[in-house]
Structure formats: C-alpha cells, structure tokens
Amino acid sequence: MADDTETRTGSIPSSPLEPLELPGSGDWLTWVAEHGEGQLAEAAREVALVKSGPTDADTVLATWNRAETAIANAEAAHLWAEVHPDAAVRDRADELSQQVQKFVTELGQDRDLFAVFDGLSADGLDDGAVRVLEHTLRDFRRAGVDRDDATRDRLRELSEQGVKLSQDFGRNIRDDVRSIRVAPERLAGLPDDYRAAHPAGDDGLVAITTDYPDLVPFMTFASDGEARHELALTQNNVAWPANDQVLQDLLAVRRETASLLGYDSWPDLDTEVKMIGTGQAIADFIERISSASAERAAQDKGVLLARKQVDQPGADEVEVFEFRHYGELVRREQYDVDGQVVRTYFPFEQVRQGLLDVTGRLFGLEWTPVGRDEAGTWHDEVASYDVGLDGVRIGRIHLDLHPREGKFKHAAQFDLVKGVAGHQLPEGVLVCNFNRGLMEHDEVVTLFHEFGHLVHHVLGGQGEWLRFSGVATEWDFVEAPSQMLEEWAWDADVLATFARNAAGETIPVDLVAAMRRADQFGKGIYAAHQMSYAARSYYFHAGPNDDLTAFGDELQRRYSVFPPLEGAHMHCAFGHLDGYSSGYYTYMWSLVIAKDLFSAFDVDDMFAADVAGRYRDRVLGMGGRKDAADLVADFLGRPYSFDSWTAWLAE
Ligand SMILES: [Zn+2]
C-alpha cells in the first residue's frame with residue numbers, strides 16, 4: 001500500500017512552467033534543426049560534466065538527468081518526421097533522429113561514463129535517485145559496456161548486423177505488396193463504395209492488393225469463399241521466401257547477443273526489464289491464457305461452423321481466413337448491430353469534446369483550448385489544450401486527428417516534451433487518422449485508447465527524473481492504462497453524455513447493450529489465436545529451429561482453433577517478430593492487467609471520484625517511479641491477479 005509520502009509524489013502540480021515555443025507560421029526548417037542540434041549539444045556538454053565534474057552522487061545524477069532531458073528533447077524530432085506537412089522538414093527531422101540514435105548508442109558503449117556511475121555510492125541518496133542509478137547501471141550492463149574488448153567488439157558487430165537485418169525484414173514486408181486478380185462478380189457482398197473504388201482493368205479483372213484498406217473489407221464481406229482463400233494465401237506469402245533467411249539470421253544475432261551478455265536466452269535478456277520478468281514466465285503465460293480460453297474458443301468455433309454450414313452444408317472445418325467473414329455474419333444476424341446506424345451518433349467534433357469532458361470529470365482535469373496562433377502548431381487541424389489541475393497548468397496537449405498527405409498512417413501518442421518538475425512542462429501529441437464527419441464506434445474506442453496514453457504522459461510528467469517521466473513504465477504495462485480507458489467508450493451512461501445523432505437523439509441504451517454483446521462474440525477464439533502468435537514470437541527466440549514454417553504450423557496446431565493454412569509462410573510477414581521480438585504476449589498481458597485495474601471501478605458509477613483519484617495519483621501520476629507491479633498493488637491494495645480477465649472471458 002502507498003504510504004503518505006508515496007501519495008504525495010503523485011500528480012501534485014509543480015511550479016508553473018511555460019510550454020515549448022513552436023514556430024507556428026514561421027520557419028520550421030530552421031527551428032527544427034536549431035532546436036534539435038541545440039539540445040544535442042546541450043546533452044554533450046552535460047555528459048562531459050558527468051565525466052569531469054564533481055563526483056558526489058547527487059551532483060552526478062542531477063547532471064545526468066539534464067543530459068537525458070536534452071536527449072529526450074532532441075528525440076522529439078521523431079514527431080516532426082511523422083506529422084509535418086512540409087517534406088523538407090520531415091526529411092531534416094529524420095536526419096536528426098539518426099544523429100540522436102548514434103549519440104545514444106555511443107553513450108551506451110562509453111566505458112569512462114560507465115566508470116563514473118559504477119563508482120558512485122548510493123548511501124544517502126533518496127529512493128528516486130537510487131532507482132535512477134540502478135536503472136542507469138543496468139542499461140550500461142545490458143549494452144555490454146563492462147565486458148572485455150573482444151566481447152564488446154563482437155557485441156557492436158552484432159548490434160550493427162541486427163539493425164541492418166531489422167531494416168531488411170521490415171523493408172521486405174513493406175515493399176512486397178501482392179495482389180490477386182478476380183472477375184468483378186467475385187466482389188459480391190462488398191459495400192458499393194469499395195466496388196466503385198475497384199473497377200476492372202483492361203483484362204476485365206479487378207486487382208485486390210494485400211494492403212489493409214483492400215484486404216480487410218474483402219476478407220470480411222466478400223461472399224466468394226474461394227476468392228477469400230486466394231487472397232489469404234497471397235497475404236500469407238508476403239516476403240516469402242526472402243524473409244525466411246533474414247529472420248533466421250536475426251534470431252541468430254539475438255541468441256548470440258544474449259549469450260555474450262551472460263543470459264540463458266534472448267527472452268531472458270528481453271524480459272529482464274519487463275513486468276513479466278523471465279522468458280519461462282512467457283511460456284507459462286501462454287499456457288495459462290491458452291487453457292483458460294480453450295472452452296470459450298471451442299464454443300465460438302462451433303457458432304462459426306454452424307453459420308458456415310448454412311452456406312456450405314456438410315462443412316466440417318472453419319479455416320483461419322474465414323474468421324472475419326463468418327464473425328461479421330454472426331454479429332449482424334445474431335446480435336443485430338448495424339454499423340451504419342451506430343455511426344450517426346458519433347459526429348467527430350462532438351466526440352472530441354465528449355472525450356475531453358469525460359476524462360476531465362474522471363481525473364479532475366480542466367482542458368483549456370489554446371488558439372493556433374498561441375500554440376504555434378504545424379497545421380490548422382491541430383487542436384491544442386492546456387491541462388489544468390487544481391487551477392495550475394500541468395501540461396499541454398495537441399490533437400492531430402485527421403489524415404493528410406505525408407502524415408503517419410496509424411494511431412499513436414507522441415512525446416513533444418517530457419515533463420520534468422521545475423524544468424519543463426509535459427506536452428504530448430495524439431496523431432490519428434479519423435473521419436472528419438461521422439466516426440465508426442471502433443474509432444471512438446481507439447480515440448479513448450490513445451488518449452489514455454496522453455493522459456499518462458501528462459500526469460506522469462510531474463516528477464523530477466526524466467527517466468521516469470510519463471509513460472515510462474515497463475513496456476508490457478504501457479498498454480494497460482489505455483486499454484482500461486477503452487471501457488469508458490463502451491458504457492451507455494458515459495456515451496449518453498456525448499453520443500447524439502443529427503436529430504439530437506441520444507444513443508439508445510439497447511443499442512449500446514447490443515454493441516457490447518456483439519463485441520463479446522469471438523473473444524475465446526481471439527485469445528487462443530493470439531497465443532499462437534505469442535508462441536511463435538517466444539519459441540522462435542527461445543531456441544534454434546531449421547524450419548520456421550513447419551515449427552510455426554506446429555505451434556498454430558497447438559494453440560489456435562484454426563488449422564495452419566496449407567502453403568502459407570506467415571512468419572515472413574509477421575512484422576512484430578522484429579519490433580516485439582519475443583514479446584508479442586504483451587498485448588494479452590496488458591489486457592489482463594487492464595481488466596484487473598478496471599475491477600476497482602464501479603460499473604454503475606464510472607465517474608466515482610475516490611477510485612478515479614486514487615488511480616490518477618497511484619498509477620498514472622507515478623510515471624515510471626516504481627515497478628508496474630507495485631503501482632498496480634498500490635492502487636488495488638493487493639497484487640495483480642488474473643481473476644478479472646478470467647471473468648471477462650466467461651461473460
Ligand atoms: Zn496503445
């Protein structure tokens with residue numbers, strides 16, 4: 001449990017600070033370059049001071065904190081590369097990001113710098129400083145700075161090879177857009193706008209690519225099962241065979257890296273800094289989720305098979321590429337949810353204001369609009385707000401929510417400024433690609449999700465240490481707060497505060513109930529199938545295997561309800577094997593924690609101030625100042641458990 005001291009270190013407003021001054025209609029190219037290079041130069045000066053200045057621990061750590069702050073400020077260039085309307089600014093920002101990356105890599109290998117920290121005594125340091133010192137030393141050791149010269153040389157080589165192999169793996173997927181060509185009548189079942197956007201070519205055939213906007217509606221709505229099969233097979237061969245060897249090489253690099261650093265396996269190295277703790281714990285987690293979801297998954301599959309038999313009497317199997325299609329039919333026919341009606345209740349402007357009102361009320365925050373002239377942002381469509389708590393400005397946020405050319409294609413929260421008490425005000429940016437008119441309910445859920453990261457960034461950015469500022473917890477915890485905030489986008493009372501159609505009618509309670517029921521369908525299958533991905537991610541990294549296709553098929557037979565797709569090589573296009581390495585379990589792990597956190601709230605009173613305030617101060621407001629397991633325990637008054645997730649699965 002949190003004692004008084006810990007509660008006080010929550011999101012209590014610090015001294016008033018000014019937001020970062022952005023150029024607005026001024027010269028962005030110059031500003032981005034000068035700001036980024038200025039911060040890098042500042043970081044270099046502070047690092048030099050760490051190496052040659054006063055050697056008492058408090059001073060060294062404070063200097064190091066300023067260096068890390070300057071590095072983080074320079075890293076924000078990453079944002080401009082994703083959102084700035086001017087391509088020249090985006091390119092310059094990319095160059096800066098590479099410069100920052102190089103600087104950071106060199107620091108990790110700097111033995112003189114390591115020696116300074118290694119020589120510090122933790123005696124007399126407060127808890128926060130001790131944690132900074134421990135984490136800093138851990139980072140250096142994980143980079144191999146304390147190994148002999150030959151080992152360090154080899155580690156550097158492996159690191160360079162790894163970066164190159166990662167880039168190859170990603171590029172092979174990105175560049176290998178494949179397509180099938182089908183007769184126009186095989187588009188039966190697809191919406192009119194989709195068919196209009198896919199006219200036949202000179203040969204009388206229609207091209208359907210493996211890009212998501214083409215692929216997802218086709219796999220969902222096309223009534224021609226053979227055409228869906230053909231497209232699924234095409235998609236599951238993207239980057240085959242090129243990436244098979246790339247992946248084998250990448251896995252070998254990771255295994256050797258882990259071994260040189262003294263770990264039994266790559267997953268052990270990877271999980272050392274995660275909530276889950278060990279590689280073996282991933283294997284255990286996969287088994288646990290798998291057996292917990294087995295019965296529900298089998299039921300779900302029975303429903304899918306029964307629906308398929310309506311189309312194909314005598315069918316005795318449902319294939320993985322039929323999940324979307326029959327899932328959609330079951331939801332439409334058996335749960336009575338018409339997405340076309342649902343979206344009329346979600347006009348964009350109304351949803352955005354509704355989100356601010358809901359989260360403001362929940363966390364006791366005030367959002368004050370800041371005009372573009374004052375905020376100095378990069379585009380007219382960016383909406384900026386100051387964040388107030390108890391009358392004090394504690395941060396600023398920018399919402400950049402619609403698509404435009406050259407902009408980031410997904411939905412994510414970006415750091416603009418990481419908050420450091422007494423030094424700089426936290427500022428975060430949501431970058432999404434939502435409809436300007438009516439939103440799909442999925443989009444509303446995504447907006448709440450991403451906003452969860454943003455609130456975490458601001459509330460967690462009130463402490464003194466940059467390293468623990470904002471969303472700075474273990475990587476397998478960061479999705480939990482945002483997954484939990486999604487619950488507010490599914491609650492009829494919450495939705496009633498802003499979901500209204502053009503006639504001013506509030507979304508009916510019955511419709512929300514039907515949407516919730518429809519959303520429940522298929523979650524057993526989903527959980528099981530996710531474990532077949534998590535198993536590939538873990539077991540591919542845990543030990544060598546000559547035939548990743550056969551091994552992946554075996555894991556799919558073990559964990560998914562769907563048999564492996566004959567002729568598929570999905571591991572070649574499974575991008576997470578690079579980015580997440582052995583950590584694909586993270587998605588389900590965060591969901592388990594999110595359900596547990598949510599169990600403390602009263603579903604009949606989602607705005608109850610005491611529990612929301614406790615969550616704000618003991619979880620979000622703490623940033624990374626404690627291990628995630630301790631944050632959860634401080635909030636719940638007990639260690640985290642699987643019970644809420646298990647109950648959710650059974651609903
Ligand atoms: Zn997220």
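The first residue in the sequence is number 1, and the count goes up from there. Quantities reported herein were computed from a predicted structural model and do not represent experimental measurements. Read the numbers this way: they start at 1 and go in the same order the structure lists the ligands and their atoms.
- Here Asp643 does not pair with Arg638 in a salt bridge; the nearest charged N to carboxylate O distance is not below 4.0 Å.
- Considering the Zn ion (ligand 1) as centre, the angle to NE2 of His449 and to NE2 of His453 is 100° (10° rounding).
- In summary, no N, O or S atom of Glu450 is located under 2.8 Å from the Zn ion (ligand 1).
- Using a cutoff of 4.0 Å between basic side-chain nitrogens and carboxylate oxygens, Arg396 and Asp386 are scored as salt-bridged.
- Aromatic rings from Tyr584 and Tyr538 are positioned such that their centres are separated by 6.0 Å or more.
- Contact check on Asp610 versus Arg614 returns no salt bridge, with no Lys/Arg side-chain nitrogen under 4.0 Å from an Asp/Glu carboxylate oxygen.
- Taking the N/O/S atoms of Glu479 in turn, the shortest distance to the Zn ion (ligand 1) belongs to OE1.
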